[in-house]
There are 4 protein chains.
Amino acid sequence: MSINVGVIGVGMIGQDHVRRLTHVLSGARVAAVTDVDLDRARAVARDLPGAVLHPTGAALVADPGVDAVVVTSWGPTHEEYVLACVAAGKQVFCEKPLAPTRVACERIVDAETAAGRRLVMVGFMRRYDAQYRAMKEIVAGGGIGLPLLMHAAHRNPSVPDFFTSDMIINDSAVHDIDVARWMFDEEVAAVTVLKPRTSRKAKAGFHDPLLVLLETVSGVLVDVEASVNAGFAYDIRGEVVCEDGTVALSESAGAVVKRAGTYSGRVPADWQERFVRAFDAELQCWVDAVAADRSTGPSAWDGYAATVVCETGLAALRSGAREPVVLRERPDLYGSAA
Amino acid sequence: MSINVGVIGVGMIGQDHVRRLTHVLSGARVAAVTDVDLDRARAVARDLPGAVLHPTGAALVADPGVDAVVVTSWGPTHEEYVLACVAAGKQVFCEKPLAPTRVACERIVDAETAAGRRLVMVGFMRRYDAQYRAMKEIVAGGGIGLPLLMHAAHRNPSVPDFFTSDMIINDSAVHDIDVARWMFDEEVAAVTVLKPRTSRKAKAGFHDPLLVLLETVSGVLVDVEASVNAGFAYDIRGEVVCEDGTVALSESAGAVVKRAGTYSGRVPADWQERFVRAFDAELQCWVDAVAADRSTGPSAWDGYAATVVCETGLAALRSGAREPVVLRERPDLYGSAA
Amino acid sequence: MSINVGVIGVGMIGQDHVRRLTHVLSGARVAAVTDVDLDRARAVARDLPGAVLHPTGAALVADPGVDAVVVTSWGPTHEEYVLACVAAGKQVFCEKPLAPTRVACERIVDAETAAGRRLVMVGFMRRYDAQYRAMKEIVAGGGIGLPLLMHAAHRNPSVPDFFTSDMIINDSAVHDIDVARWMFDEEVAAVTVLKPRTSRKAKAGFHDPLLVLLETVSGVLVDVEASVNAGFAYDIRGEVVCEDGTVALSESAGAVVKRAGTYSGRVPADWQERFVRAFDAELQCWVDAVAADRSTGPSAWDGYAATVVCETGLAALRSGAREPVVLRERPDLYGSAA
Amino acid sequence: MSINVGVIGVGMIGQDHVRRLTHVLSGARVAAVTDVDLDRARAVARDLPGAVLHPTGAALVADPGVDAVVVTSWGPTHEEYVLACVAAGKQVFCEKPLAPTRVACERIVDAETAAGRRLVMVGFMRRYDAQYRAMKEIVAGGGIGLPLLMHAAHRNPSVPDFFTSDMIINDSAVHDIDVARWMFDEEVAAVTVLKPRTSRKAKAGFHDPLLVLLETVSGVLVDVEASVNAGFAYDIRGEVVCEDGTVALSESAGAVVKRAGTYSGRVPADWQERFVRAFDAELQCWVDAVAADRSTGPSAWDGYAATVVCETGLAALRSGAREPVVLRERPDLYGSAA
């Protein structure tokens, strides 16, 4: 009864999802893997009893023994594999970004719309985090009035050498962009990016931290402090300010130590520690939906909109001005809310 | 490759473990069930593809299609099923109590010792809670000196009608008794039970709350406020006081709301909300150990010691005096620490 | 040995300072009062043994029985009374604003500079709040690196009918403007004001809340959520983000109640509750300085700079653009830091 | 209009009250001082313009220039000075203990009762702490039901060499004893003292920490962890458990720093830092009452009852048993509540 999942791309996040599907979640097994580095894929397959090694993503998607696909390859290759899944009528879980460009995302949205059913889920895992869900529930419940502002901070302790300046928006702030769309069930209408004093720890040529300002269609203003050299921890903050009150993410629970004149608690060390439960819940949700032949989760439209807001954010970073976000019309397939 | 698990007793906690094994955890399936109420067992089996219904626990244990057994039946029946598993050389996860009497526990310890290998794990799930684990790590790390006291509170919002007065110790405080043994790696040497003013919500004849005082062999004093009509929430508190500092469980993380002059956060509603992750981790740990033919977790000795401390606690409740805890000698099978 | 203080203006804040000087602080007595409403002044004087009623501020300043003056009259009248004090060589504590216009403030700075000594202290009481002082000490200590951003929120539960739209900046955000200058020991270089969705509770024609963005000379970016209809409480937030860590104001300490599924603490009801200790400390500090013939506290320059930033903020609110802050050269009398 | 206060005993706490009366509070001046060490008294008097040096406490009390007296001499001398004040009809603020023995306290109670009016206030300053007051208000409000238990901890970082073993109860836990009587408006009926494992930092012969158990007349059980070598900070904890909820002292507010993987806040370093505001409020309250010819604050009866509970606690420490507290009948002068 288990879903047979094929995994395309077994780098760090791909291997983490393989581990999750194999050792943590219920109802799925990894039946096939591939990677641009076939030796790496072979090594991963060796530890997975019964898993098939495929030479290409296309071959994996075509494998009749693969019920559904997880795409965790390099961003620019997502489009090809997602389109292949849509063509094959197989459900696909694609790590963010859906695709790195607006036009690539549009081709996926077009293909899925033509197929007439949702097959694509994008990996915006914060929607599965218990704290963010509690916030959304409280905001949506209306007990503290309509939302007016949101304050957010995304603080990475550090980033690897391959991390480029654009990735502060495309890779870090993109999560807050998706949170804003999801929290308020509406699109982002404009983006401004401000450059505070740069940290001495920023790489040459980086503006780090940034303050990214998002305006939603109804006028909710979201400020996101995005920093990728915060150093001290992986610190994710959020507070929604409504007409009659506010709701904020709390500090992480855990043991509180009193020693040497202070009380102190832990701030997560990295995104795995902070969001491990959200990743588990996200992928379990997808497995359950695949098993039930339903669609679920952030859609291709969500992936498209996030990519467009990121593109607009990069334009705003360069222009120094407020840049309007221009989206195509939303196909009926994706309903009416964000 | 999945472990085939047989479940004896499918009441509330049994059904919860069936759900966990089937829909949450990885590496196990429920292959057989039974219950004193066969209709209930039949209804549960009906939803489990391929699961066999057995007329008795003995038949279930004997089933060659059952690799390992979960015992979630009524406490007084635990001994019979655990002994059958030990006799059959099958690993068994037994919900607490291991058995309700000292002598029943001793028979299990004797049987397991005779078998020469650990087959029994007892369901003290707090040992798998992230916060308790962080506390123990900090205490064991020695950075705040040797432990001197522990303050604990176990506040149940309410209890069902069948809950008896003795269960405040046997069913609620037993968790704190196990935590004390595990946290400090030593046995409890004496118990005193004090009776504060009784809540108006206590059932007739109940002393509720109680203050249970445990002394460990090395002199650590543990005070446990045990209340089963706290009403407002399921509130579990703990603070270990050491020579150079303290470590405490934090309040639950979650969304913090500001409204109407206050900030506020949630206290868990019940034990499922508070400990769901610990139950998941506990049973996954057992499944992994069974698959690897290893033993793990709280042992039959831990179950025995907890039952003896509870018995002593009930004696102390009746006598009003400090009662020493008398344990038999610890078999080598169980190592030297608590 | 007590300082004889004359108070000009005995409305709400003036009466509060009279009470403070008379019943809370040490080393001062109110020796003279006046007010534009002489009946009100007479009523206040009646309760102050030995206090003289003066028909005008000028007469009060000229009274040889008055050692030093507190100006708590209507903002537009501050200039006249402060200049009179400077001319008379008497120390003066002037509630903010020093004066409502740039030119009026310049005349005070000119007069004081000509006098060759500091006689004016401006009532920016947050500099005397224990939490803000602890923040500044940590930032200045350098242990968490150089400051990069500051996030702030100034949430008034509500405001009286006479409160005008400009006062969100002139009366509320002005405190955060002074905090920014003081926290980072440098001037504000530019202001931008953004308009989030307006609260249903805002008066007609108000943009409320606002997001006020301040850039300091060195590039620290300060975002201030300024809201005067927050409703739920008087909520003052602040977090300074530095290169190696952050420092934030904590929630108010007090009793924490657990009831009905939540834990909760109090958020202050109004500015008196939040800052009563800061007002006490501020005025005691002034009394002590007067007694010792020293000057202390926020200077006329600080009052001037805050007024200029507010004026620039109002221009930015109207233009929708980033507006540079233009200050005259800083006289030596005021040292080199903000 | 200032009250002229005479201070008997100008050691550490006496000098602190002199400073408070002179530089912090309103409405009083120190008009006379004395001390067993006259050179010390002379040095203190030298800094107080117009203050008279008296050779003895008796002379100070008799001085017609002294309106009211603060007794901050060595505990065993309190009785003499307090009785002299009562005889002279002068109000007296006496630091705790009122007197170190039951019989000495009784003589004071008898004298005051004979005088027919309250003249004595005892320095239990926690009753003036904002957090404790908020707790009492919530408990007394009844919104969380009747009180059942209280958990408290009194952790001194360290104590001076002259600190004796008995002082853990007489000098530290005495504050919690007074809090218990005041919080629940009733007397303590019995005391038990338990000895956890002793800290390596305890002086030879000390049992430190202790767990002091107080039972009130209505059955509220109060457990007090009393430690005088906690090392890490001055940490005062308290939680009242009621039928429908709990109320606890929060951690101290202040700046919260995030750095190196943790968030942390300050725990007070010593009793001055923790209770400075309470001392100010307490003594201002007394000054105001003296000025108004009213009595206020903890009474001689409160001082007597605290001393009797401490005596009983020392007996319980020695006996290892529960010891009943025996109080004489309460004179009408002291009303009916604790």
Side-chain angles (χ1 to χ4, degrees), chain B residues 129 131 151-159 172 176 196-197 199-202 208-209 211 223-239 246-276, chain C residues 129 131 151-159 172 176 196-197 199-202 208-209 211 223-239 246-276:
Chain B
D129 176 69
Q131 281 203 49
H151 306 300
H154 186 127
R155 296 166 186 155
N156 259 308
S158 64
V159 283
S172 292
D176 298 279
R197 180 199 268 183
S199 170
R200 72 172 195 281
K201 297 186 291 188
D208 175 14
L211 192 73
D223 53 87
V224 182
E225 173 202 331
S227 160
V228 297
N229 283 294
F232 69 98
Y234 181 76
D235 192 27
I236 301 298
R237 312 307 312 150
E239 180 182 31
T246 76
V247 53
L249 304 175
S250 73
E251 290 300 332
S252 296
V256 176
V257 178
K258 289 186 177 177
R259 178 166 38 181
T262 62
Y263 67 88
S264 65
R266 182 174 173 85
V267 186
D270 52 28
W271 54 271
Q272 286 103 326
E273 179 179 343
R274 173 64 183 84
F275 286 117
V276 63
Chain C
D129 176 69
Q131 281 204 47
H151 306 299
H154 186 128
R155 296 167 186 153
N156 259 307
S158 63
V159 284
S172 292
D176 298 278
R197 181 198 267 184
S199 170
R200 71 173 196 282
K201 297 186 292 189
D208 175 15
L211 192 73
D223 53 87
V224 182
E225 174 203 331
S227 160
V228 297
N229 283 293
F232 69 98
Y234 181 75
D235 191 27
I236 301 298
R237 312 306 312 150
E239 181 183 31
T246 76
V247 54
L249 305 175
S250 73
E251 291 300 331
S252 297
V256 175
V257 178
K258 289 185 177 178
R259 177 167 40 180
T262 63
Y263 67 88
S264 66
R266 182 176 172 83
V267 186
D270 52 29
W271 55 269
Q272 285 102 325
E273 178 179 344
R274 174 64 183 83
F275 286 116
V276 63

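Below, chains carry the letters A, B, ... as their sequence lines are ordered, and counting in each starts from 1.
- Between B/Thr262 and C/Val267, the closest heavy-atom pair is C-CG2, 3.7 Å.
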Step-by-step side-chain contact (heavy atoms from CB on, under 4.5 Å) determination, C/Val257 to B/Phe232: CA-CA 11 Å; C/Val257 178; B/Phe232 69 98; over 6 Å; no
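- Contacts with chain B were tallied for C/Ala269, C/Ala260, C/Gly265; C/Gly265 has the most, counting heavy-atom pairs under 4.5 Å.
- Residue C/Gly261 comes nearest to B/Ala233 through the heavy atom pair CA-CB, 4.3 Å, listed as atom of the first residue, atom of the second, then distance.
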Could you go step by step and tell me if C/Tyr263 and B/Val256 meet the side-chain contact (heavy atoms from CB on, under 4.5 Å) rule? CA-CA 10 Å; C/Tyr263 67 88; B/Val256 176; 4.2 Å; yes
